[in-house]
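What follows is one structure encoded as structure tokens, with my remarks underneath.
The figures that follow rest on heavy atoms only: side chains count, while hydrogens, waters and symmetry mates do not. We count ligands from 1, going down the list as the structure has it; atoms in each ligand are counted the same way.
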Amino acid sequence: MIPYGRHSIDDDDIAAVVDVLHSDWLTTGTKILEFEQAMARMVHAQDAVAVSNGTAALHCAMHAIGLQAGDEVILPPLTFVATANAVVMCGGVPVFADVDPQTLLLDPHDVEEKVTSRTKAILAVDYAGQPCDYDALRGIADAFGLVLIADACHALGASLRGRPVGSLADLTILSFHPVKALTTGEGGMVVTMQAEYAKRMRMFRNHGITTDHQQRLAKQTWEYQMTDLGMNYRLTDFQCALGLSQLRKLPGWITRRQAIASRYDQAWNTIPGIHPVPVGSGVSHAYHLYVIRVDQEKLGVDRATLFSLLREQGVGVQVHYIPVHLQPFYREQFGTEPGLCPHAEAAYEDILSLPIYPALKNEEVDEVIATLKDVAASHDLISTAVS
Ligand SMILES: *Cc1c(COP(=O)(O)O)cnc(C)c1O
């Protein structure tokens with residue numbers, strides 16, 4: 001089976017991890033700051049805080065902005081459940097704004113419609129690896145005094161009009177799960193343009209204690225103060241060493257993902273009924289996902305059948321995502337219903353993610369395309385024969 005996403009690990013990565021495993025510091029050592037600073041430099045951010053996964057990173061960001069019970073956060077439903085869950089974890093209320101019907105990115109007009117006196121933040125999602133319209137979102141955030149947060153778990157390595165993802169919002173969330181742009185096994189980071197947020201998140205990931213292990217060691221003291229409630233969301237040093245080693249390869253990987261995407265894009269000229277999600281002007285897309293829209297009338301196959309047939313043929317397609325507001329938890333707890341975000345709901349009916357990852361070969365891309373063509377053609381014959 002060709003999976004929809006996959007990590008790339010080479011001997012340099014393994015050597016970097018082994019080095020740390022031979023050292024005295026498996027966690028709370030120096031690799032963490034090194035990884036954070038390298039990332040902050042690469043994405044033109046002020047600071048960065050490494051944590052145990054992307055979900056923890058979202059939780060840290062919600063804590064950093066001081067989200068209180070009843071505060072509202074506006075976000076799109078076409079995302080992984082963790083985006084909304086982080087809001088709820090802090091007692092906040094997720095307010096779902098619809099996506100643009102073409103790009104499937106948070107629609108600034110609907111965001112503005114959903115702002116109330118309780119709104120604290122906008123939590124945009126760079127769906128598939130395409131940055132949202134941060135100029136428009138910044139305008140709304142400034143006009144209403146809101147914090148602008150990017151869930152960029154898909155978009156590390158992307159940029160908008162030459163500005164890298166990581167420098168476009170007040171806080172930007174990254175994930176280093178194996179299917180994402182780079183991996184530390186599990187892992188995540190919040191990069192930020194404001195030092196004060198970073199300070200709060202460093203404490204939050206370490207039990208709300210004001211000093212870390214290294215600082216106490218340097219001062220030869222056992223004393224520490226806990227001034228805030230916190231978690232243990234630390235990322236280990238060997239994971240940060242892996243992340244650092246992976247980071248050097250990121251630009252090349254993004255280039256490869258873009259080349260795969262353009263190979264797919266060209267193929268649809270000969271298959272009516274398949275449309276890629278369009279890319280906005282000034283966007284350099286990170287292509288965590290390559291998403292097509294299936295026009296079942298033209299293709300002759302509905303999305304569910306196409307999904308099963310491709311899986312049977314060894315093509316690991318996936319659907320990203322069931323709109324979060326349609327999940328039972330949100331319907332029960334927040335009374336969200338179908339009809340709330342019609343564009344996201346319509347997209348959910350016809351989206352399909354095709355395999356894309358740096359190690360995917362051109363021949364495999366062609367195999368995916370050929371399989372899709374075959375499945376559509378043979379199914380067309382079957383349905384014609386039956387009718
Ligand atoms: C992967 C992902 C997350 C969660 O990251 P984990 O590292 O798996 O916890 C959050 N939001 C989006 C959009 C993601 O794709």
When you check the side-chain N and O atoms of Asp350 and Gln296, is any donor under 3.5 Å from an acceptor?
-> no

Can a donor-acceptor pair be found between the side chains of Asn206 and Arg234 at a distance below 3.5 Å?
-> yes

Please identify each residue that fulfils side-chain contact (heavy atoms from CB on, under 4.5 Å) with Glu34, with sequence neighbours left out.
-> Lys31, Leu244

In the hydrophobic clustering that connects Ile, Leu, Val, Met, Phe, Trp and Tyr at side-chain heavy-atom distances below 4.5 Å, which members other than Met193 occupy its cluster, ordered by chain and number?
-> none

Nearest heavy-atom neighbours spanning Leu326 and Arg331 = O-CD, 3.3 Å

Where at least one partner belongs to residues 162-195, residue pairs that pass ring-ring contact (aromatic ring centres under 6.0 Å, His included), sequence neighbours excluded | Phe35-Phe176

Any idea which residues sit under 4.0 Å from ligand 1, heavy-atom distances?
-> Asn53, Gly54, Thr55, Leu58, Thr79, Phe80, Thr83, Asp151, Cys153, His154, Ser175, Lys180, Gly187, Tyr321

